[in-house]
Number of protein chains: 2
Amino acid sequence: MEGKDCREIFKKNSIKTTKQRELVFGVLTDSDVPLTVEEIYVILMEQEKNMSLSTIYRILDVFVSKNLVQKSNITDNKAVYEVIGIGHKHHIICISCGKIIALDHCPIKEYEIALENETKFEIISHKLVFFGYCPDCKKK
Amino acid sequence: MEGKDCREIFKKNSIKTTKQRELVFGVLTDSDVPLTVEEIYVILMEQEKNMSLSTIYRILDVFVSKNLVQKSNITDNKAVYEVIGIGHKHHIICISCGKIIALDHCPIKEYEIALENETKFEIISHKLVFFGYCPDCKKK
DNA sequence: GTTGCAAATGCGAATAGTTTGCATTTGACA
DNA sequence: TGTCAAATGCAAACTATTCGCATTTGCAAC
């Protein structure tokens, strides 16, 4: 991801541009899977772009609050982060190897309306996660 | 929940009956909302049935492993637990007051099959959570 | 009933992910 | 280029959960 692209997106969302924010945003846009804070940290380390863990947490909080990034608590412990393209994402996680795949399609938009009528809640968002065995682990 | 009922369920699932397990199971069956470990602990304290937090965690792990109880990591931090009736549960959580409602109906059984074909995963289970404003908080 | 033993409990300490306080640095704008 | 609020780095704090180990308890065999 080019620095310039970042700057425009940041400006549009009134996020101050910093070296660290560009790097974190770059890592996320370059990844085709959601990443944990730890993974982002390691990727940056490997690129010799060391950065404090707490800085990564704070940067991600900003991105999430500006709706540039989606935070998902899929497993019990670590949260994963990914850039939001057009809409929100759902996930499949392999319960054998831990691989996480993001899904773009959302099958429950219609159901939400029925549920609003039924429960009288005003529904704002939802999370959907599937658990199973990925093609590789299925074979074993 | 009567002690006797517990004993039978426990026996059927080869769970050794203990005073603590009966109490925890009783609290869960008496509750119409999913509970955190902390909440279970407090409810028991109020009944002057003090019990170690780690014991509650261990008991719940057993129940979950025997499929008597469902553990859900809905919010970022604390897990909630509830007895499983006929099938798995989904939830709506109020983002204003934190109230959690369990839903029995599952709208995505059919979608799972389509998803298996599409992704070549073998899907075992899923979690679905809705976020929004409950009837009470909606008014404000 | 009594006894024996594996399994369960209680307690405190350890763990792990995340957050926070504060001193230092940095980026945007005048 | 200088200024200052905002961002960063570091270490310490926090919180939910797990673990080790000494003690207790429930079940089964006698």
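The sequence lines fix the lettering, A, B, ..., with proteins before strands; numbering per chain opens at 1.
- Summarising the geometry, the separation between CD on A:E39 and C1' on C:dA16 is reported as 15 Å, rounded to the nearest angstrom.
- Atom C1' of nucleotide D:dA6 and atom CG of A:N13 are separated by 17 Å, given to the nearest angstrom.
- Taking atom CG on B:L60 and atom P on D:dA16, their separation rounds to 15 Å, with Å as the unit.
- Evaluation of the side chain to side chain contact (heavy atoms under 4.5 Å, CB included) rule for B:F10 yields B:C6, B:I15, B:T17, B:R21, B:E22, B:F25, B:F63 as partners, not counting sequence neighbours.
- Map B:K11 and A:N50 each onto its nearest nucleotide of DNA chain D; the residue landing nearer the 5' end is A:N50.
- Residues meeting the side chain to side chain contact (heavy atoms under 4.5 Å, CB included) test with B:V33, sequence neighbours left out: B:S31, B:L35.
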Could you list the donor-acceptor pairs under 3.5 angstrom formed between side-chain atoms of residues 96-104 of chain B and any protein atom two or more places apart in sequence or on another chain?
unit_1	atom_1	unit_2	atom_2	d
B:D104	OD1	B:K89	NZ	2.9

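- Nearest-nucleotide assignment on DNA chain C puts the 5′-proximal partner with B:M51, out of B:M51 and A:K19.
- Judged by distance alone, the side chains of B:H91 and B:Q70 never bring a donor and an acceptor atom under 3.5 Å apart.
- Between B:D61 and B:K71, no side-chain nitrogen of the basic residue sits less than 4.0 Å from a carboxylate oxygen of the acidic one, so the salt-bridge criterion is not met.
- Chaining together hydrophobic side chains whose heavy atoms lie under 4.5 Å apart leaves A:I113 on its own.
- Cluster partners of B:I84 are absent, since no Ile, Leu, Val, Met, Phe, Trp or Tyr has side-chain heavy atoms less than 4.5 Å from it.
- The CD1-P distance, from B:I74 to D:dA16, rounds to 16 Å in whole Å.
- When rounded to the nearest whole Å, the span between CD1 of A:I56 and P of D:dA7 equals 16 Å.
- Residue A:L23 contributes atom CG, which lies 16 Å from atom P of D:dA7 at whole-angstrom precision.
- Listed pair A:Q20 / D:dG9 meets the phosphate criterion, a side-chain N or O lying under 4.0 Å from OP1 or OP2.
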Sequence neighbours left out, cut at 3.5 Å: what donor-acceptor pairs do the side chains of residues 47-58 of chain A make with other protein atoms?
unit_1	atom_1	unit_2	atom_2	d
A:S52	OG	A:S54	N	3.3
A:S52	OG	A:S54	OG	2.9

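- The distance from atom OH of B:Y41 to atom P of C:dG10 is 10 Å, rounded to the nearest whole Å.
- As rounded to whole Å, 5 Å separates atom P of C:dA8 from atom NZ of B:K16.
- Side-chain N/O atoms of B:T55 include one lying less than 4.0 angstrom from OP1 or OP2 on C:dG10.
- Within the 4.0 Å cut-off from OP1 or OP2 of C:dA28, at least one side-chain nitrogen or oxygen of A:R7 is found.
- Where the helix from C:dG1-D:dC30 to C:dA30-D:dT1 starts and where it ends, the local axes point in directions that differ by 30°; five pairs per end, rounded to 10°.
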Review item, side-chain donor-acceptor pairs of residues 124-140 of chain A, under 3.5 Å, at least two apart:
unit_1	atom_1	unit_2	atom_2	d
A:H126	ND1	A:E112	OE2	2.4
A:H126	NE2	A:H88	NE2	3.1
A:H126	NE2	A:H90	NE2	3.2
A:K138	NZ	B:K120	O	2.7

**OP:** Can you check each nucleotide of nucleotides 17-25 of chain C against protein heavy atoms at under 4.0 Å and return B for base, S for sugar-phosphate only, - for none, in 5' to 3' order?
**Re:** SBBBB----
